[in-house]
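All values derive from a computational prediction rather than experimental measurement.
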Amino acid sequence: MIIDVKNIVKERKQKLKEKIEYLKKDGIIPKLVVIFASDDPASEIYVSKKRNMCKEIGIEEEEFLLDLNITTDKIISIINKLNEDSSIDGILVQLPLYKHLDENKILESINPDKDVDGLHPLNLGKLFSNKKGLVSCTPRGIMTILDELGINISGKNAVIVGRSVLVGKPIAHLLLNKGATITLCHTKTTNLKEHTIKADILVVAVGKAKIITADMVKEGSVVIDVGINRIEDKIIGDVDTENVKDIAKYITPVPGGVGLTTVLSLLENVTEVASNKLN
Ligand code: NAP
């Protein structure tokens with residue numbers, strides 16, 4: 001069955017809107033700043049999606065659109081000012097950056113309490129040690145989907161294909177923290193199918209169209225397809241959805257799946273940071 005992610009997001013967005021209205025009564029307006037230093041056309045689309053959703057639910061959003069002449073030091077000095085500005089709750093550096101920029105140095109300069117993309121080493125460390133911190137958006141969104149489906153994660157075999165810092169590693173830790181037994185696969189994994197076929201929960205974040213075929217999926221499993229692949233004019237995932245959808249109990253669609261919960265999670269993170277001002 002294909003999961004109705006659009007509906008999940010619609011309901012969560014409504015709850016978030018209500019939370020923001022409540023914050024506004026206390027004079028708190030959540031605010032996100034996006035730093036855009038990239039010539040990646042896909043990133044422009046992602047930023048416009050974030051901008052639109054912010055507007056829709058009442059989060060203030062500001063963008064720094066930086067041209068190719070920008071330096072790492074200049075971006076860090078912008079971030080330092082944003083770190084000190086108490087009206088700003090979240091700082092997001094849209095990746096990938098221009099190639100000449102030092103991504104790690106820039107991400108590490110963000111105040112971890114405003115790191116709504118959850119990529120600062122401190123937040124990654126908190127996730128690793130199962131402590132409360134800001135969780136990166138795509139993995140958080142996947143947990144939202146599992147939560148909305150009422151999936152009991154404890155004791156399940158969770159197989160993750162892809163070990164990036166952005167998706168694979170954090171989702172592995174989130175699932176581990178909920179009691180799943182984790183297998184993390186990557187390019188050095190021999191016989192991928194041997195692992196995926198045992199997955200009660202299969203998360204695929206590779207970036208290769210239809211790398212997961214029906215014979216690799218366990219009957220009755222939950223399949224989360226994170227991949228985004230542009231093939232001719234179409235966007236498809238990493239899973240052969242047409243043939244997997246009757247084997248798996250649930251599968252996320254692409255497009256209209258994890259991408260939607262990623263943006264939602266960003267806004268949830270910004271709102272959570274803003275809510276801390278109530279304490
Ligand atoms: P990434 O940094 O390129 O990582 C890809 C991972 O896949 C790597 O760990 C790589 O292994 C592994 N891999 C590549 N080929 C493989 C193979 N044949 N067998 C097993 N593992 C293989 O990518 P990413 O940032 O995690 O993104 C993955 C996909 O998700 C992309 O399509 C991206 O566009 C999409 N994405 C979607 C969202 C969303 O919101 N929907 C968000 C983020 C990313 P090695 O480590 O060994 O190289």
Side-chain angles (χ1 to χ4, degrees), residues 16 20 28-127 133-141 164-167 169-170 207 226 228 258-277:
L16 203 54
I20 291 166
I28 298 169
I29 303 169
K31 182 168 177 182
L32 168 71
V33 173
V34 177
I35 295 181
F36 189 78
S38 172
D39 45 17
D40 173 35
S43 295
E44 274 180 44
I45 299 171
Y46 298 146
V47 170
S48 82
K49 284 187 177 160
K50 288 167 188 171
R51 184 190 308 132
N52 293 341
M53 219 199 260
C54 279
K55 201 180 267 173
E56 194 189 331
I57 68 156
I59 290 181
E60 244 183 68
E61 194 248 13
E62 191 184 337
E63 289 164 23
F64 282 75
L65 305 174
L66 306 169
D67 64 29
L68 197 55
N69 295 321
I70 194 76
T71 61
T72 295
D73 286 346
K74 181 68 189 140
I75 294 185
I76 291 174
S77 79
I78 294 171
I79 290 175
N80 285 339
K81 284 199 187 107
L82 300 172
N83 283 340
E84 279 161 26
D85 184 340
S86 62
S87 72
I88 290 158
D89 302 293
I91 303 167
L92 177 124
V93 174
Q94 183 68 39
L95 300 176
L97 291 164
Y98 295 126
K99 285 199 170 54
H100 68 279
L101 297 170
D102 187 334
E103 183 182 305
N104 287 335
K105 227 172 142 184
I106 290 170
L107 292 179
E108 284 172 26
S109 72
I110 300 173
N111 175 350
D113 294 335
K114 296 188 179 191
D115 167 42
V116 285
D117 224 3
L119 294 176
H120 189 286
L122 193 87
N123 284 318
L124 292 171
K126 283 185 177 172
L127 179 59
L134 284 161
V135 173
S136 70
C137 303
T138 301
R140 178 176 174 155
S164 70
V165 174
L166 194 63
V167 190
K169 283 179 186 164
V226 185
I228 297 174
V258 173
L260 298 179
T261 51
T262 296
V263 184
L264 172 76
S265 302
L266 170 69
L267 307 190
E268 287 177 338
N269 278 345
V270 176
T271 309
E272 258 172 41
V273 176
S275 304
N276 291 337
K277 289 176 179 163

Chemist: Are K50 and E61 close enough for a salt bridge, meaning some N to O gap below 4.0 Å?
Modeler: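 Looking at E61 together with K50, the answer is no, because their closest N to O distance does not fall below 4.0 Å.
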
Chemist: CD of E268 to SG of C137: how many Å apart, nearest 0.5 Å?
Modeler: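 Going from the CD atom of E268 to the SG atom of C137 covers 9.5 Å.
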
Chemist: Do any N or O atoms from the side chain of N111 and from the backbone of E84 form a donor-acceptor pair under 3.5 angstrom?
Modeler: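 No; zero donor-acceptor contacts below 3.5 Å.
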
Chemist: Minimum heavy-atom separation for A37 to L101, with atom names?
Modeler: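 Heavy atoms only, the tightest pair is CB-CD1, 3.9 Å.
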
Chemist: What distance do S136 atom OG and N123 atom CG have between them, rounded to the nearest 0.5 Å?
Modeler: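 So the OG of S136 and the CG of N123 are separated by 9.5 Å.
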
Chemist: Any sub-3.5 Å donor-acceptor pair from H100's side-chain atoms to N69's backbone N or O?
Modeler: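 No, H100 side chain to N69 backbone: no donor-acceptor pair under 3.5 Å.
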
Chemist: Taking the side chain as every heavy atom from C-beta outward, state whether P170 and V135 have any pair of such atoms under 4.5 Å apart.
Modeler: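 P170 vs V135: side chains apart.
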
Chemist: Is the shortest side-chain heavy-atom distance between T262 and Y46 below 4.5 Å?
Modeler: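 A side-chain contact under 4.5 Å is absent here.
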
Chemist: Output all residues satisfying side chain to side chain donor-acceptor pair (under 3.5 Å) with E272, sequence neighbours left out; order by chain, then residue number.
Modeler: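 Counting only residues at least two positions away or on another chain, E272 forms a side chain to side chain donor-acceptor pair (under 3.5 Å) with R140.
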
Chemist: Looking only at non-hydrogen atoms, find the nearest pair between G118 and L124 and report the distance.
Modeler: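 That closest heavy-atom pairing would be O-CD2, 3.6 Å.
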
Chemist: Would you indicate whether the side-chain heavy atoms of K105 and D73 approach each other to under 4.5 Å?
Modeler: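 Yes, their side chains come closer than 4.5 Å.
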
Chemist: Enter the distance from S87:OG to L82:CG here, rounded to the nearest 0.5 Å.
Modeler: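 These two atoms lie 9.0 Å from each other.
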
Chemist: Heavy atoms, side chains only, cut-off 4.5 Å: are C54 and L267 in contact?
Modeler: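 Yes; the side chains approach each other to less than 4.5 Å.
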
Chemist: Looking only at heavy atoms, what is the nearest atom pair of L119 and D115, with distance?
Modeler: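 For L119 and D115, the tightest heavy-atom pair comes out as N-OD2, 3.1 Å.
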
Chemist: Using a cut-off of 6.0 Å, state whether more than 12 heavy atoms not belonging to K277 lie near its atom NZ.
Modeler: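 Counting other residues, nucleotides and ligands, NZ of K277 exceeds 12 neighbours.
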
Chemist: Quick one: does any side-chain atom of D39 pair with a main-chain N or O of Y98 as donor and acceptor, under 3.5 Å?
Modeler: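 No, the answer is negative, given that no donor and acceptor are paired below the 3.5 Å cut-off.
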
Chemist: Can you check whether E60's main-chain N or O pairs, donor with acceptor, with K31's side chain at less than 3.5 Å?
Modeler: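 Not a single qualifying donor-acceptor pair exists.
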
Chemist: Is there a donor-acceptor contact under 3.5 Å from the side chain of K49 to the main chain of G259?
Modeler: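 Pair absent, no side-chain N/O of K49 close to backbone of G259.
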
Chemist: Can you confirm whether E108 sits close enough to N104 that some side-chain heavy atom of one is under 4.5 Å from a side-chain heavy atom of the other?
Modeler: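 They are in side-chain contact.
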
Chemist: Does any non-hydrogen side-chain atom of L107 lie less than 4.5 Å from one of V93?
Modeler: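 Of all side-chain heavy-atom pairs linking L107 with V93, at least one is under 4.5 Å.
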
Chemist: Answer yes or no: is there a donor N or O on one side and an acceptor on the other, between the side chain of T72 and the main chain of D102, under 3.5 Å?
Modeler: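 Yes: the side chain of T72 pairs with the backbone of D102.
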
Chemist: Checking S265 now: which residues fulfil side chain to side chain donor-acceptor pair (under 3.5 Å) with it, not counting sequence neighbours?
Modeler: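 Expected list: none.
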
Chemist: Could you give the distance from CD (E103) to CG (L95), rounded to the nearest 0.5 Å?
Modeler: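 So the gap between those two atoms works out to 4.5 Å.
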
Chemist: Could you check L92, L65, I79 and say which one makes a side-chain contact (heavy atoms from CB on, under 4.5 Å) with I35?
Modeler: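 It is I79; the other options fail the test.
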
Chemist: Test of understanding: with side-chain contact (heavy atoms from CB on, under 4.5 Å), list the residues that count as partners of V273, not counting sequence neighbours.
Modeler: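 Result, side-chain contact (heavy atoms from CB on, under 4.5 Å) vs V273: D89, V116, L134.
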
